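Below, each value reflects all heavy atoms present in this structure, side chains not excepted, and no hydrogens, waters or symmetry copies. Computed from a predicted structure; not experimentally measured.
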Amino acid sequence: MAATRGAQTALKADQKELKARASAVAKREGKVDSRESDVADREAAVEAEAEAAAGIAGGGASGGDAADAADDTSEVTYYENCDAARAAGAAPVYRGDPGYASHLDRDDDGVGCE
């Protein structure tokens, strides 16, 4: 009878430890998921910057005449603040998008006026 009680006590202790380990694993999985999401966001921002840089570097004036160059510069978008971006229907503004600027992105995560 004492052996049965000892086995039951050991079983309960093992079950408690198993639950604690499962909880720790779940917390770690949550952290991993969060980090993976952050990495994906950063990768998207880098890709957007690269596309924007490629557009700036290779996109200039297509025919090389002054009228085309003037048209390209007239498309520059600037928002003084997030209220202006929201009023234009542009918020949130993502890094690489027209109108994105670091002063709109306080936490520097690639998304302004979020």
Side-chain angles (χ1 to χ4, degrees):
M1 185 118 153
T4 303
R5 283 188 189 156
Q8 288 176 341
T9 301
L11 179 61
K12 287 182 182 179
D14 289 345
Q15 288 174 337
K16 185 176 180 180
E17 182 181 349
L18 184 59
K19 285 182 183 179
R21 288 183 180 189
S23 177
V25 167
K27 286 181 183 178
R28 288 181 181 166
E29 285 176 341
K31 288 180 180 179
V32 168
D33 290 344
S34 176
R35 289 180 180 172
E36 286 177 344
S37 176
D38 289 345
V39 168
D41 291 345
R42 290 178 183 182
E43 286 176 344
V46 168
E47 287 177 15
E49 283 184 55
E51 289 174 7
I56 291 170
S62 58
D65 76 30
D68 287 341
D71 288 343
D72 287 344
T73 59
S74 66
E75 294 179 19
V76 172
T77 305
Y78 175 81
Y79 302 110
E80 184 173 342
N81 54 40
C82 287
D83 289 337
R86 287 185 192 100
V93 183
Y94 297 93
R95 188 175 286 139
D97 287 352
Y100 174 87
S102 60
H103 71 278
L104 302 174
D105 187 4
R106 292 183 182 202
D107 58 359
D108 194 33
D109 65 350
V111 183
C113 304
E114 49 193 335

task: Determine the sole option in Arg42, Glu49, Glu47 for which the side-chain contact (heavy atoms from CB on, under 4.5 Å) test with Arg95 is passed.
output: Glu49
Closest non-hydrogen atom pair between Ala85 and Val93, with its separation: CB-CG2, 4.2 Å
query: Minimum heavy-atom separation for Tyr79 to His103, with atom names?
result: O-NE2, 2.9 Å
- prompt: Hey, are the side chains of Glu36 and Asp33 touching, using non-hydrogen atoms and a 4.5 Å cut-off?
  reply: yes
Check: Ser34 side chain, Gly30 main-chain N or O, donor-acceptor pair, under 3.5 Å: no
query: Between Asp83 and Arg86, does at least one N-O distance fall below 4.0 Å, as a salt bridge requires?
result: yes
field: Under 3.5 Å: donor-acceptor pair, side chain of Asp41, backbone of Ala45
entry: no
message: Please find the pair of heavy atoms, one from Cys82 and one from Leu104, that lie closest to each other, and give the distance.
response: N-CD2, 3.8 Å
Closest approach of Pro92 to Tyr94 (non-hydrogen atoms, all atoms of both residues): CG-OH, 3.5 Å
- request: Calculate, to the nearest 0.5 Å, the distance between atoms CG and CG belonging to Leu18 and Leu11 respectively.
  value: 10.5 Å
